[in-house]
K.L.:
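Please see the structure below; I have some questions.
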Amino acid sequence: MEKAKQLLELTPEEADAVEKLDGRRNIAGDSCFYTFFSFRGIRVNRVEPGLIVCTLKVPPRLTDRSGKLASGAIANLVDEIGSTVIYDEPPPTLVSVDISIAYLSTANVDDELEITSRLLGQKERYNGASVIIKNKTTGEIVAEGRHSFFRIRSKM
């Protein structure tokens with residue numbers, strides 16, 4: 001237990017950096033640290049009703065210890081890009097109901113990925129999306145995900 005505690009302890013520099021983070025509650029449409037961290041570097045190439053195509057050059061911050069795109073980063077891309085196919089003003093509050101991901105290959109630092117999200121369907125406030133993450137150079141599918149979510153009615 002002591003060894004685990006030592007591994008998790010912050011250095012004084014890390015503790016100082018954490019203190020400087022903006023921990024305010026995120027309001028729809030506002031940016032937050034998490035959104036900035038996960039979306040930084042994503043380039044939107046095409047937007048149509050029910051379709052979004054993006055590219056991302058894999059940054060070191062989203063890799064695991066072996067230098068591959070981390071499975072958690074892939075899950076985050078499926079979650080976030082999957083839900084962006086719903087466009088309303090103001091942006092709706094969405095709750096993920098189910099996410100399933102097939103991890104099919106890997107991606108390295110500096111690989112360019114194409115992320116395509118398509119709206120599969122919509123029934124009242126329930127929506128489903130498909131997300132395909134593909135290596136642009138090799139054409140290999142890195143992951144394929146399905147994401148279903150529910151819109152929460154906004155209070156007026």
Side-chain angles (χ1 to χ4, degrees), residues 14 17-18 20-156:
E14 291 168 332
V18 169
K20 292 177 183 175
L21 293 175
D22 185 356
R24 292 175 294 154
R25 188 165 180 254
N26 188 28
I27 299 168
D30 283 353
S31 185
C32 68
F33 171 77
Y34 179 78
T35 303
F36 175 76
F37 182 83
S38 58
F39 278 5
R40 189 177 52 192
I42 293 178
R43 193 174 55 244
V44 178
N45 300 326
R46 185 170 154 201
V47 177
E48 296 175 12
L51 173 72
I52 294 179
V53 180
C54 308
T55 53
L56 171 68
K57 186 175 178 183
V58 177
R61 74 177 185 283
L62 298 181
T63 59
D64 59 20
R65 289 180 181 163
S66 67
K68 306 289 185 194
L69 181 63
S71 57
I74 292 170
N76 183 62
L77 290 169
V78 170
D79 182 22
E80 296 293 339
I81 305 298
S83 63
T84 58
V85 294
I86 299 296
Y87 178 80
D88 282 334
E89 279 295 331
T93 300
L94 302 173
V95 175
S96 294
V97 176
D98 181 55
I99 296 178
S100 64
I101 303 168
Y103 297 92
L104 303 170
S105 68
T106 60
N108 298 307
V109 171
D110 293 333
D111 281 355
E112 190 167 21
L113 305 176
E114 180 178 76
I115 307 160
T116 304
S117 179
R118 293 183 196 284
L119 184 65
L120 295 174
Q122 201 169 352
K123 178 140 179 143
E124 296 178 15
R125 292 186 290 147
Y126 183 78
N127 305 270
S130 168
V131 180
I132 296 174
I133 301 172
K134 182 170 68 172
N135 185 313
K136 283 185 82 169
T137 304
T138 65
E140 276 188 301
I141 295 177
V142 173
E144 183 173 6
R146 293 204 178 233
H147 184 199
S148 60
F149 39 92
F150 191 78
R151 290 183 202 211
I152 296 176
R153 293 186 183 160
S154 58
K155 295 179 183 178
M156 298 192 185

K.L.:
Looking at R125, is its backbone amide N or carbonyl O close enough to the side chain of N127 to form a donor-acceptor pair, meaning the two atoms are under 3.5 Å apart?
P.N.:
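The answer is yes, because a donor-acceptor pair under 3.5 Å joins these two groups.
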K.L.:
What pairs with L51 under side-chain contact (heavy atoms from CB on, under 4.5 Å), at least two apart in sequence or on another chain?
P.N.:
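Listed in chain order: R46, E48, V53, T116, R118.
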K.L.:
Please determine whether a side-chain nitrogen of the Lys or Arg among E114 and K136 lies less than 4.0 Å from a carboxylate oxygen of the Asp or Glu.
P.N.:
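No salt bridge links E114 with K136.
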K.L.:
Quick check: do I99 and D79 have side-chain heavy atoms less than 4.5 Å from each other?
P.N.:
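When only atoms from C-beta onward are counted, D79 and I99 do touch, with a gap below 4.5 Å.
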K.L.:
For R146, run the side chain to side chain contact (heavy atoms under 4.5 Å, CB included) check against D98, L120, V131, V78 and tell me which one passes.
P.N.:
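Of all the options given, the one that passes is L120.
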K.L.:
Check S71 against Y103 and note the closest heavy-atom contact, atom names and distance.
P.N.:
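For S71 versus Y103, the nearest heavy atoms are O-OH, 3.3 Å.
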K.L.:
Measuring only between side-chain heavy atoms, which start at C-beta, is L113 closer than 4.5 Å to L69?
P.N.:
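L113 vs L69: side chains touch.
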K.L.:
What's the separation between atom CD in E80 and atom CD1 in I42, rounded to the nearest 0.5 Å?
P.N.:
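With rounding to 0.5 Å, CD (E80) is 8.5 Å from CD1 (I42).
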K.L.:
When you compare the side chain of V58 with that of N108, does any pair of heavy atoms fall below 4.5 Å?
P.N.:
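N108 vs V58: side chains apart.
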K.L.:
First locate atom CZ of F149, then atom CD of Q122, and finally report the distance between them rounded to the nearest 0.5 Å.
P.N.:
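Answer rounded to 0.5 Å: 8.0 Å.
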K.L.:
What residues, two or more places apart in sequence or in another chain, satisfy salt bridge (charged side-chain N to carboxylate O under 4.0 Å, His left out) together with E144?
P.N.:
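E144 satisfies salt bridge (charged side-chain N to carboxylate O under 4.0 Å, His left out) with no other residue.
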K.L.:
Do V142 and E140 come close enough that some side-chain heavy atom pair is under 4.5 Å?
P.N.:
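SC-SC contact between V142 and E140 ruled out.
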K.L.:
Consider only side-chain N and O atoms of N135 and S105, and report whether a donor and an acceptor are under 3.5 Å apart.
P.N.:
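No.
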K.L.:
Roughly how far, to the nearest 0.5 Å, is OG of S130 from NE2 of H147?
P.N.:
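Taking NE2 in H147 and OG in S130, the distance rounds to 12.0 Å.
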K.L.:
Are the side chains of I133 and I81 in contact, using a 4.5 Å heavy-atom criterion?
P.N.:
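Contact flag for I81/I133 side chains = no.
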K.L.:
What are the two closest heavy atoms between S117 and G82, and how far apart are they?
P.N.:
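Closest heavy-atom pair between S117 and G82: OG-CA, 3.4 Å.
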K.L.:
What's the verdict on side-chain contact (heavy atoms from CB on, under 4.5 Å) for T137 and D111, showing C-alpha distance, side-chain angles and the deciding distance?
P.N.:
CA-CA 8 Å; T137 304; D111 281 355; over 6 Å; no
K.L.:
Write down the atom of C54, the atom of V44, and the distance for their closest heavy-atom approach.
P.N.:
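So the minimum-distance heavy-atom pair works out to SG-CG2, 4.2 Å.
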K.L.:
Check whether any side-chain N or O of R43 sits under 3.5 Å from a backbone N or O of T55 as a donor-acceptor pair, and report yes or no.
P.N.:
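Checking the backbone N and O of T55 against the side chain of R43, no donor-acceptor pair under 3.5 Å is found.
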